[in-house]
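Chain A is the first sequence line, chain B the second, and so forth, proteins listed ahead of strands; every chain is numbered from 1.
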2 protein chains.
Amino acid sequence: MSQAFGPYVRERREAKPTKEFSLRRVAGRVGIEPSYLSKIERGEQPPPGEETIQRIAKELGEDPDVLLALAGKVSADLLKIIRERPALIAELLRAVRRTPAKRIAHAVREIRDGEW
Amino acid sequence: MSQAFGPYVRERREAKPTKEFSLRRVAGRVGIEPSYLSKIERGEQPPPGEETIQRIAKELGEDPDVLLALAGKVSADLLKIIRERPALIAELLRAVRRTPAKRIAHAVREIRDGEW
DNA sequence: CGAAACGTGTAGTATGTTCTACACACTATG
DNA sequence: CATAGTGTGTAGAACATACTACACGTTTCG
C-alpha cells in the first residue's frame, strides 16, 4: 500500500522543469521537514496524513483522490458522504465494484442531470 | 462520532429476549473482555476496531455498514472499491451527495441490471 | 444459602500514525 | 573557493487506537 505513493510523488516532482520543485522547497511549501519528505519519497516512511497529502497534491497539481488512493487512504469528505447514508451508499459502491467505467460515468451523468 | 455507537449497541442488545445476550455472553462470543464492551456501550471508551464491530453486528443481527457508520468508520471493502478507481468513484460519490435516496436506488438498479 | 453469573471500576499495555530536530556530506554557483 | 542549497541519516516524541487483566460488589437461581 505504501510502496507506490512515495516513488510516484518523487517522479512527479522531478518531472517539474524548475528549481522551485527541489525536495527542500516543496517540503517547505507543504510545511513538512525535508528529511521527512525524503524518506516518504523513497518509501522508507509510510505516506503522511491526509492533510499533508492534500497539500502535496495541490503543490504538484495532482488529483488528491488518486494520491490518497496510492497512500491507501480515502478522502475524509468521501467517508462523510458514506457515513451519512451507509446502507444506501454501501449498496451503490458494491454495485459498481465490477462495473465498467463507461457505465459508471453514464450513471453519474444521469444522477447529476436527472434522467427523467 | 462515538457517542451514538455505544448506546445504540446497548439498546439493540438489551432488546433481545433471551439470556444469551447478556453483556458477558455477547462479549464472550464476540471475543472481547466484558469490561471493554461495558465501557463501549456506555460511551466511556470509543468504539472498537472494524473487525470487532463486524462481529458485534453479526452477533446482534445488525447491518455492519450502519454500525460502522455510527462508529465513524467505513468498511474496509468499500475503501478498497474506492481506492481501485479513485477518480471515478470519487466523482460518483460527490454526485450522489445531495441526491434523494430514490434516485440513487434507481441508479443502482440500472447499474446492476443494465439500462440498455 | 451458596455458587454462578452479572455489570463495572481501575490500571495498565502494545502498536501504529504522523510527524520534528538537527547534523552530515555532497554539489552547484557567483 | 566560499557559500548557499541539496538530499539524506539518526534519533526521537506526541498522540491515537485498540485493546487485556483482574478485582469488586450485586443479583439470580438451583
Side-chain angles (χ1 to χ4, degrees), chain A residues 1-3 5-57 59-60 64 67-76 79 83, chain B residues 1-3 5-7 9-57 59-60 64 67-76 79:
Chain A
M1 263 131 190
S2 64
Q3 74 248 61
F5 177 83
Y8 180 78
V9 167
R10 168 146 295 189
E11 191 264 317
R12 288 290 81 208
R13 183 179 58 78
E14 290 182 339
K16 300 289 179 184
T18 80
K19 64 186 185 323
E20 288 306 309
F21 290 88
S22 80
L23 186 147
R24 268 172 184 270
R25 300 210 185 181
V26 170
R29 292 197 297 273
V30 166
I32 57 175
E33 286 291 312
S35 64
Y36 185 39
L37 180 54
S38 170
K39 279 172 286 189
I40 287 165
E41 286 192 356
R42 288 172 295 127
E44 201 193 291
Q45 287 263 330
E50 170 171 352
E51 313 247 307
T52 299
I53 293 176
Q54 296 275 4
R55 288 197 298 273
I56 291 173
E59 196 54 51
L60 300 182
L67 231 49
L68 284 166
L70 285 172
K73 305 187 192 244
V74 169
S75 177
L79 298 183
R83 286 199 312 264
Chain B
M1 261 133 189
S2 65
Q3 74 251 59
F5 177 83
V9 167
R10 167 147 295 188
E11 192 263 316
R12 288 291 79 207
R13 183 180 57 78
E14 288 182 341
K16 301 290 179 184
T18 79
K19 65 185 186 321
E20 288 306 309
F21 288 89
S22 80
L23 186 148
R24 270 171 183 269
R25 298 206 186 184
V26 169
R29 291 196 298 272
V30 165
I32 57 176
E33 286 290 313
S35 63
Y36 185 39
L37 180 55
S38 170
K39 279 172 284 190
I40 288 165
E41 287 192 355
R42 287 172 295 126
E44 201 192 292
Q45 288 262 330
E50 169 171 351
E51 313 247 307
T52 298
I53 292 176
Q54 295 276 4
R55 287 197 297 273
I56 291 173
E59 196 54 52
L60 299 183
L67 230 50
L68 283 167
L70 285 171
K73 307 188 191 241
V74 170
S75 176
L79 298 183

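In this entry the distance linking CG of L37(A) with P of dT6(D) reads 12 Å, nearest Å. One atom, CD1 of I32(B), and another, P of dG7(C), lie 13 Å apart when rounded to the nearest Å. Across the protein-nucleic acid pair, E33(A) atom CD and dT6(D) atom C1' stand 15 Å apart, rounded to whole Å. Between the CD atom of E44(A) and the C1' atom of dT10(D) there is a distance of 10 Å, given to the nearest Å. As a whole-Å value, the separation of I40(B) CD1 from dA18(D) P is 10 Å. Between the CG atom of L23(B) and the P atom of dT26(D) there is a distance of 19 Å, rounded to whole Å. For the pair Y36(B) OH and dG9(C) P, the interatomic distance rounds to 16 Å; values are reported in whole Å. In this structure, the CD atom of Q45(B) is 18 Å from the P atom of dG7(C), given to the nearest Å.
Distance alone, capped at 3.5 Å, places no donor-acceptor pair between the K73(A) side chain and the G49(A) backbone. Checked by atom type and distance alone, the side chain of R55(A) pairs as donor or acceptor with a backbone atom of V30(A) at under 3.5 Å.
Using a 4.0 Å heavy-atom cutoff across all strands shown, S22(A) reaches sugar-phosphate atoms only and no base atom. At the heavy-atom level, P34(A) lies under 4.0 Å from base atoms of the strands shown. Using a 4.0 Å heavy-atom criterion, one finds that G31(B) contacts the sugar-phosphate atoms exclusively.
Between dG7(D) and R10(A), no contact under 4.0 Å exists linking OP1 or OP2 to a side-chain N or O. Residue R25(B) places no side-chain N or O under 4.0 Å from the OP1 or OP2 atom of dA5(C).
One finds a salt bridge joining R29(B) and E20(B) here, because a Lys/Arg side-chain nitrogen approaches an Asp/Glu carboxylate oxygen to under 4.0 Å.
Taking every side-chain heavy atom of K39(B) into account, dA11(C) is the closest of dA11(C), dA5(C), dT8(D).
Toward the 5′ end of DNA chain D lies the nearest nucleotide of E50(B), the other residue of the pair E50(B) and R24(B) mapping further downstream.
The structure places CZ of R25(B) at 14.5 Å from CG of L37(B), a figure rounded to the nearest 0.5 Å. Atom CD of E41(A) sits about 12.5 Å away from atom OH of Y8(A), to the nearest 0.5 Å.
Side-chain atoms of S35(A) and base atoms of dA21(C) include a donor and an acceptor less than 3.5 Å apart. Side-chain N/O atoms of K19(A) and base N/O atoms of dT6(D) include no donor-acceptor pair closer than 3.5 Å.
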